[in-house]
Chemist: 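Sharing a structure below in structure tokens format, with a few things to ask.
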There are 2 protein chains.
Amino acid sequence: MQMDERKRKILRAIVQDYIATAEPVGSRTIARKFDLGVSPATIRNEMADLEELGFIEQPYTSAGRIPSDAGYRYFVDCLMGAQTLSDEDKEIIERESTKKICEIQEVVSQTSRLLSELTSLTSLVLGPQKGKSAFGKMHFLPYQPGQVIMVIVKENGVVENHIVDVGDNLTAEDLQKVADVFNQKMKGYSLSQVKRSMLHEIYSELSRQRHLIDNALEMLDAILDGSEEDEPIYLGGTLNMLNQPEFRDLDKVKSLFKVFEENEPLKKLLLPRQEGLNVTIGGENTLKEFRDCSVISATYKVNGKTIGAVGVLGPTRMDYGKVIAIVDFMTKSLTEVLARGKPRGYK
Amino acid sequence: MQMDERKRKILRAIVQDYIATAEPVGSRTIARKFDLGVSPATIRNEMADLEELGFIEQPYTSAGRIPSDAGYRYFVDCLMGAQTLSDEDKEIIERESTKKICEIQEVVSQTSRLLSELTSLTSLVLGPQKGKSAFGKMHFLPYQPGQVIMVIVKENGVVENHIVDVGDNLTAEDLQKVADVFNQKMKGYSLSQVKRSMLHEIYSELSRQRHLIDNALEMLDAILDGSEEDEPIYLGGTLNMLNQPEFRDLDKVKSLFKVFEENEPLKKLLLPRQEGLNVTIGGENTLKEFRDCSVISATYKVNGKTIGAVGVLGPTRMDYGKVIAIVDFMTKSLTEVLARGKPRGYK
DNA sequence: TGTTAGCACTCTCCTCTAATGAGTGCTAAC
DNA sequence: GTTAGCACTCATTAGAGGAGAGTGCTAACA
């Protein structure tokens with residue numbers, strides 16, 4: 001059996017109506033709401049075919065039909081057509097993107113908030129990967145007797161500071177020397193790349209300040225590498241999920257929100273199998289908590305390099321056209337903002 | 001009518017049983033579970049009295065009784081007796097508190113996590129108030145052409161850094177001069193305290209660097225004062241609320257979680273009417289979302305000065321004895337940790 | 001051969017009713 | 001003052017019946 005034009009029209013009608021109403025769609029409804037020029041009986045026949053093809057299913061005998069995952073997939077891939085963004089939404093995004101921002105975190109959280117607001121769904125934003133940042137420059141500043149402020153400028157421009165305990169017997173010159181050696185030897189390397197030999201050199205050059213070096217290395221370790229693993233994902237509008245009829249069930253809500261508290265599953269959800277825009281529908285997600293959910297995600301870039309991703313999570317019964325348009329435009333806007341504003345924090 | 005010993009025993013039994021089962025308590029149940037040496041009929045008579053006194057109420061005619069807010073209040077104030085902490089919990093808290101921590105934020109989030117874990121309720125932790133911190137010292141470090149890193153050491157020891165745009169024509173000496181003037185004039189003042197005259201002085205002394213000063217002041221404003229308003233409250237174990245039978249209702253959950261997203265109401269909930277430990281029961285909370293909730297909160301100190309608060313939020317039907325013991329011990333442990341470890345970030 | 005009207009059938013959802021059971025208040029006896 | 005007994009109340013549950021939506025099938029029609 002083949003899909004013909006009428007089947008496509010009917011499938012599209014079913015998906016659209018189900019997205020709008022969350023109720024199983026009957027042949028009569030389609031005949032009434034969509035002007036297909038055929039009777040409900042004909043539509044019924046076609047629906048039987050569509051069911052056989054696996055695009056729709058019945059919750060129970062003699063209920064209307066709802067789209068299957070495959071049905072949504074076919075809809076997204078073949079039926080949806082060009083996604084248009086409403087002028088209103090477009091304007092809102094553009095207005096936001098012209099705001100001046102200096103911290104990368106602000107950009108990310110703003111993006112997250114905006115996404116969930118525009119879609120009335122839950123947004124996921126993965127900020128620029130800090131992990132790969134390398135050592136740039138080190139400064140020491142006076143703080144208190146026995147302690148100094150160690151300021152680390154990473155190669156990606158992020159500045160961090162930590163208090164380091166030093167002995168009482170270190171002079172400003174000693175510290176300057178330590179900084180000089182570090183700056184010279186380590187520029188451009190992350191700590192994990194620092195060879196033993198390099199450390200050895202530093203140690204031997206600065207044998208007097210061994211205590212300080214140990215402390216400094218510990219701090220550096222945390223700054224340069226520690227953050228790699230648990231890059232947080234910004235969640236927005238989680239409560240929107242509670243408005244979805246598919247989450248009327250409290251146990252479902254509980255297990256969903258539990259997953260929200262973890263990072264790894266969300267990252268898996270967000271990170272695309274390929275560059276650009278991805279649509280993951282229902283069971284295509286591996287996690288059972290998301291079996292009834294779809295994710296629209298997309299990566300964004302700086303200098304042609306992919307550095308993060310944004311996504312929207314909602315029930316499979318979501319307005320794919322609208323959400324895809326929003327996510328798409330948002331990543332483009334984000335890429336633009338990052339290229340223009342150059343806030344600190346991305347590589 | 002007066003409370004006598006038997007009435008007290010019965011009220012205590014009702015509260016304890018209701019806390020344990022979440023079911024209205026009948027006279028028969030009390031006679032069976034608690035050995036009061038009287039028959040259900042007698043207990044019924046006493047319960048009628050307790051109801052008249054306002055300590056218990058009936059959800060509907062011929063259901064068992066549940067404690068009213070006043071009943072819980074009487075229980076907490078007069079019936080509960082000394083709260084003992086289980087050795088197990090004590091050990092857990094002590095083990096946590098010996099861990100080395102260097103950032104105040106870690107302490108706060110650890111505390112929050114621990115509280116919600118031990119109580120299976122929701123924890124609220126208000127970190128040390130940063131607001132009152134004053135200007136301590138300013139440093140400039142080279143960053144990129146046209147930009148410098150402004151490092152601000154606040155009087156409470158917190159170090160923050162920001163990138164500031166400067167013109168191309170500023171030398172290191174110029175910057176040093178700016179820093180010197182700021183350090184000299186502003187030490188110990190928060191920006192809101194800076195008199196116009198003082199600013200005038202700075203301006204006239206540094207007329208050449210006006211552009212830099214404007215930028216610096218803007219940053220300082222954010223650092224010194226901006227954080228005062230929206231000191232975040234750390235929430236832990238919000239999902240625990242979903243396990244409480246009183247939150248079976250999805251609408252209730254929705255409105256509760258909505259409040260969780262705001263800061264102001266939570267702060268109101270947490271900030272005590274008096275120093276030390278506070279118990280706020282049911283309707284004593286002003287917000288309608290918390291009408292069925294109680295809050296056990298307590299302040300913690302450093303150097304004898306109250307600087308923050310922790311609290312536990314749960315249904316009015318909570319195990320007051322246990323929770324009070326935990327919160328009490330926790331604040332003491334926290335006070336101790338802060339006094340000993342002196343992590344940065346408190347005043 | 002494709003389309004349509006008609007019709008019996010299925011299954012959910014809602015409502016109504018009756019039975020159950022927990023718990024009370026009252027009364028009278030101890 | 002305490003208790004046993006009893007009638008009464010009311011939430012909860014299960015079951016029955018009806019309404020309604022929607023289907024699949026059949027037969028007639030173009």
Side-chain angles (χ1 to χ4, degrees), chain A residues 1-11 13-15 17-18 20-68 71 245-246 248-249, chain B residues 1-11 13-15 17-18 20-68 71 245-246 248-249:
Chain A
M1 199 188 314
Q2 281 289 338
M3 287 295 279
D4 55 29
E5 192 48 37
R6 194 168 66 189
K7 282 193 179 57
R8 271 193 279 273
K9 269 188 185 155
I10 291 175
L11 178 55
I14 293 173
V15 172
D17 194 72
Y18 185 63
T21 66
E23 297 289 330
V25 189
S27 55
R28 208 190 159 68
T29 314
I30 294 180
R32 210 173 350 100
K33 288 197 193 171
F34 300 81
D35 191 25
L36 299 183
V38 289
S39 77
T42 308
I43 295 175
R44 274 204 290 284
N45 288 330
E46 298 285 39
M47 282 164 90
D49 291 350
L50 285 171
E51 183 158 9
E52 206 177 315
L53 286 165
F55 290 141
I56 57 180
E57 47 199 29
Q58 273 181 304
Y60 49 86
T61 328
S62 79
R65 305 305 215 289
I66 61 174
S68 65
E246 25 274 280
R248 288 255 177 76
D249 180 18
Chain B
M1 199 188 316
Q2 281 290 338
M3 287 295 279
D4 55 29
E5 193 47 35
R6 195 167 65 189
K7 281 192 179 55
R8 270 192 280 273
K9 270 189 184 156
I10 291 175
L11 179 55
I14 293 173
V15 173
D17 194 73
Y18 186 63
T21 66
E23 297 290 331
V25 188
S27 56
R28 206 188 161 69
T29 313
I30 295 180
R32 212 173 350 100
K33 289 197 193 172
F34 300 81
D35 191 24
L36 300 182
V38 289
S39 76
T42 309
I43 295 175
R44 274 204 291 283
N45 288 330
E46 296 286 39
M47 282 165 89
D49 291 351
L50 285 171
E51 183 158 8
E52 207 176 316
L53 286 165
F55 290 141
I56 57 180
E57 47 199 29
Q58 274 180 303
Y60 48 86
T61 327
S62 79
R65 305 303 216 289
I66 62 175
S68 66
E246 23 276 281
R248 287 255 179 75
D249 180 19

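Predicted, not measured: the structure shown is a model, and the values here were computed from it. Numbered from 1 within each chain, the chains take letters A, B, ... in sequence-line order.
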Chemist: Heavy atoms from C-beta onward define the side chain here; which of C:dT24, D:dT23, D:dT3 lies closest to that of B:Ser27?
Modeler: C:dT24
Chemist: Which part of the nucleic acid does A:Ala41 contact within heavy-atom distance under 4.0 Å: base, sugar-phosphate only, or nothing?
Modeler: base
Chemist: Do B:Leu11 and B:Val15 have side-chain heavy atoms sitting under 4.5 Å apart?
Modeler: yes
Chemist: Which of these nucleotides, D:dT3, C:dT24, C:dT4, is closest to any side-chain atom of B:Met47?
Modeler: C:dT24
Chemist: Quiz question: going by heavy-atom distance under 3.5 Å, is there a donor-acceptor pair between the base of D:dT9 and the side chain of B:Ser62?
Modeler: yes
Chemist: Between C:dT12, C:dT24, D:dA21, spot the one nearest the side chain of A:Tyr60, thanks.
Modeler: C:dT12
Chemist: To the nearest Å, give me how far apart CG (A:Asp4) and P (C:dG2) are.
Modeler: 11 Å
Chemist: Could you let me know what C:dA28 is paired to, Watson-Crick or G-U wobble, both distances under 3.5 Å, or none if it's on its own?
Modeler: D:dT3
Chemist: Where the side chain of A:Thr61 is defined as all heavy atoms beyond and including C-beta, which of C:dC11, C:dT4, C:dT24 is the nearest nucleotide?
Modeler: C:dC11
Chemist: Nearest to the side chain of B:Ser39 - C:dT10, D:dT3, C:dC26?
Modeler: D:dT3
Chemist: According to a strict under-4.0 Å criterion, is B:Arg44 in side-chain N/O contact with OP1 or OP2 of D:dG5?
Modeler: no
Chemist: Does any non-hydrogen side-chain atom of B:Asp17 lie less than 4.5 Å from one of B:Ile30?
Modeler: no
Chemist: For A:Ile66 and D:dT23, give me the distance from atom CD1 to atom C1', rounded to whole Å.
Modeler: 16 Å
Chemist: Among the nucleotides C:dC11, C:dG25, D:dG24, which one has an atom lying closest to any side-chain atom of A:Glu51?
Modeler: D:dG24
Chemist: Tell me which nucleotide among D:dT2, C:dT4, C:dG23 gets nearest to the side chain of A:Val38.
Modeler: C:dT4
Chemist: Looking at the side chain of B:Arg65, which of D:dT9, D:dG24, C:dT24 is the nearest nucleotide?
Modeler: C:dT24
